Every structure is written in structure tokens, then in C-alpha cells.
Amino acid sequence: MQAKDHIFAAPIAELGDFNFDQKVAEVFPDMIKRSVPGYSNIIAAIGMMTARFAQPHTQLYDLGCSLGAATQEMRRNLSQPGCTIVAVDNSPAMLERAASHLASFKSDAVVELTEADICEIAIENASIVVLNFTLQFIDPDKRKALLSRIYQGLNPGGVLILSEKFISANHTVNELLIDLHHDFKRANGYSELEVSQKRTALENVLRPDTPEQHKARLAEVGFSHVDMWFQCFNFGSMVAIK
Ligand SMILES: Nc1ncnc2c1ncn2[C@@H]1O[C@H](C[S@+](CC[C@H]([NH3+])C(=O)[O-])CC(=O)[O-])[C@@H](O)[C@H]1O
Ligand SMILES: O=C(O)C(=O)Cc1ccccc1
């Protein structure tokens, strides 16, 4: 039975910035499904794209893997021989639960769970790299260098799947998408207090870009085949093929 997310249900005098600690890890599957519109669709599509893009004897990266939902879906759809899934997160609490979560599913695919800052790991011989709602938590000044290393580490024909929270360049549309996202959260059982407290806690931690900023940066680091393949309100996923 999944633990329910009530972390922001009670007025907390000193909220502090959101972080991926034990409390969050315990409720994460519930939290992300009730907070990110289209999350389950995106996870399923990561599996479908794994079946298409995985190349034999290569590495597949899940950067900011949390409990390993994307890793698990890649494993389920991986039929190429000799592949390793490198699942990286810098939260010990997330990785601890990822290990037990992944252990409960039988698979021949090799998974390397790695505790590290994704800005500091080597990316090489890659056919697939997944950044599923992770880049938004990376220091904006470090995003281009990370994406450049991802491009360099991908083999020809390799793919980056980049899912993010977005801001719209149009202020009126941006306000609408934020309101629709909050309606989505309320429809999933979050109270006004929880919506407001989470928004405050994320303010300095989750820093979204516009789709146009993402596309321009991906082109700057070398990708020439880039577009959005899914969007729901201010959340979505892009594909960039090398
Ligand atoms: N510098 C960093 N280095 C490594 N990990 C990091 C870093 N910064 C943040 N993280 C990790 O990135 C993840 C972001 S959650 C990803 C969901 C997952 N991809 C999923 O498909 O379920 C998305 C969300 O919570 O909205 C957390 O596990 C952080 O610990
Ligand atoms: O952007 C938001 O308002 C969210 O709640 C997204 C989210 C989901 C799970 C952990 C952190 C942020």
C-alpha cells in the first residue's frame, strides 16, 4: 500500500526549501503521480522509446532516477544484449528505496544504482539518456555543460528524453497553465494549504525554463532533431536525437 503525501498538510512555521529527504522518498510515488500531470504517460513512453532506441552493448542513463520508475520501465522494454542501465541520484534516501523497489521486479538487465551528482559523472557509450523531471533542479548555470556532456556521450542515433516543468514565454498563458496545474493538484486531493506550501518550498529549488530555452540550448550543444512529444499544462517531455 503506497504511503500518502501529507507533507505540506499542516501549517509549518518554518517551511524551508523542498529537499529529497527520507520523508519525501517515503511518499514519492504518490506525490509525483498526484502532482505531475501526464507522469504515468511519460513513464510508459520512456519504455516504448527504449524498445526503439536501445543499441546492443551500450549504456542507458536514468539521471535523477528517484525510486527508479523510468529505470524499471526501461528494464521492462529492453531486449538488446549487453546493455547496462546507469541509474544516478544524489539522494541516499531515494536510492535506498530505489534498490528495494527494483529488487522486487525480476529482470536480466544490469542496473547500476549510483549515488552521485549528475553534473559530475561520466556519460559514455550511451544509446539512451533520460532526464525525467531532473534538469529543473540543476543550477541553471550548470545545465548547458551537463547537456553538452550528454550529447558528447551519446552514440550516433542515440536519444535524450527530457521531461520538465515549463514556464510559458507568454505571461497570460503562463498564469493559466499554473492555475490549471493547481486545479489538477486539487482534483488529486491536495488542499489549498498543501498547494500553497509546496509552491513556496519549491520556489528556490525547482527553476523551470521555457520550451524555447530548452530547444535553443539543445541546439547549441549539438542536437539537430529536437521537439516536444508530450505536454499537459506546464509539464511535458521533449525528445532530442543525435
Ligand atoms: N544534482 C543532482 N544529482 C543527482 N540527482 C539529483 C540532483 N538534483 C536533483 N536530483 C534528484 O532528481 C530527482 C528529481 S525527481 C525525478 C523523478 C524521476 N526521474 C522519475 O522519473 O520518477 C522529480 C521531481 O521530484 O519532481 C530527485 O530524486 C533528486 O534527488
Ligand atoms: O511543480 C510542482 O508543483 C510539483 O509538485 C512537482 C514536484 C513533484 C514531486 C516532487 C517535487 C516537485
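Counting starts at 1 for both ligands and their atoms, following the listed order. What you see is a predicted model; the values in this text were computed from it and never measured. The basis for the numbers below is simple: all heavy atoms, side chains too, and nothing from hydrogens, waters or symmetry mates.
Protein heavy atom at the shortest distance from atom 25 (O) of ligand 1 is Phe20 CE2, 3.1 Å. Regarding atom 21 (O) of ligand 1, its nearest protein heavy-atom neighbour is Asn132 ND2, 2.8 Å. If you check which protein heavy atom lies closest to atom 6 (C) of ligand 1, you get Asn90 OD1, 3.2 Å. When only non-hydrogen protein atoms are considered, atom 1 (N) of ligand 1 lies nearest to Asp117 OD1, 3.1 Å. Counting only heavy atoms of the protein, atom 30 (O) of ligand 1 lies nearest to Asp89 OD1, 2.6 Å. For atom 24 (C) of ligand 1, the closest heavy atom belonging to the protein is Phe137 CE1, 3.6 Å.
When the salt bridge (Lys or Arg N to Asp or Glu O under 4.0 Å) test is applied to Asp117, no partner is found at least two apart in sequence or on another chain. Applying the side chain to side chain contact (heavy atoms under 4.5 Å, CB included) criterion to Gln22, with sequence neighbours excluded, gives Glu26, Ala93, Glu96, Arg97.
Close N/O approach between Ile118 and ligand 1 is found [any backbone or side-chain N/O within under 3.5 Å]. The shortest N or O to N or O distance between Gly64 and ligand 1 is below 3.5 Å.
Which parts of ligand 1 touch Ser91 is read off a 4.0 Å heavy-atom cut-off, strictly below it: atoms 30 (O). Within ligand 1, the atoms closer than 4.0 Å to a non-hydrogen atom of Met94 are 28 (O), numbered from 1 in the order shown.
Taking a heavy-atom cut-off of under 4.0 Å, ligand 2 is surrounded by Phe18, Met31, Ser35, Lys165, His181, Lys185, Lys198, Leu202, Leu206, Phe235.
Salt bridge status for Arg75 with Asp108: absent, with no side-chain N to carboxylate O gap under 4.0 Å. The residues Arg186 and Glu192 are annotated as salt-bridged, a charged nitrogen and a carboxylate oxygen being separated by less than 4.0 angstrom. At a threshold of 4.0 Å, the pair Arg34-Asp30 counts as salt-bridged, since one of the basic side-chain nitrogens sits closer than that to a carboxylate oxygen.
The closest approach between any non-hydrogen atom of Ala116 and ligand 1 is below 4.0 Å. For Val88, the heavy-atom gap to ligand 1 stays at 4.0 angstrom or more.
Using a distance-only test at 3.5 Å, with no hydrogens or angles considered, no donor-acceptor pair links the side chain of Ser148 to the main chain of Lys144.
With a 4.0 Å cut-off on non-hydrogen atoms, Val130 does not touch ligand 1 at all.
To the nearest 0.5 Å, atom OH of residue Tyr61 and atom CG of residue Leu160 are 13.0 Å apart. Rounded to the nearest 0.5 angstrom, His181 NE2 and Ile178 CD1 are separated by 10.0 Å. Between the CE atom in Met74 and the CG atom in Asp62 there is a gap of 4.5 Å [rounded to 0.5 Å].
Around CZ of Arg217, the count of heavy atoms belonging to other residues, nucleotides or ligands within 6.0 Å exceeds 12. By the 6.0 Å contact criterion, CE on Met48 is open, its count of non-hydrogen atoms from other residues, nucleotides or ligands being 12 or less.
With atom 14 (C) of ligand 1 as the reference point, the heavy atom nearest to it among Tyr39, Phe28, Phe235, Phe133 is part of Phe133. The closest heavy-atom contact to atom 16 (C) of ligand 1, among the options Ser35, Ser66, Ala70, Cys65, comes from Ser66.
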Check: residues 120-135 side-chain donor-acceptor pairs under 3.5 Å, at least two apart:
from	atom 1	to	atom 2	distance (Å)
Asn125	OD1	Asn155	ND2	3.0
Asn125	ND2	His57	O	3.0
Ser127	OG	Gln55	N	3.3
Ser127	OG	Thr58	OG1	2.8
Asn132	OD1	Ser163	OG	2.6
Thr134	OG1	Leu63	O	2.9
Thr134	OG1	Gly64	O	3.4

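Taking the ring axis of Phe105 as reference, the NZ or CZ atom of Arg76 does not stay both within 45° of it and closer than 6.0 Å to the ring centre.
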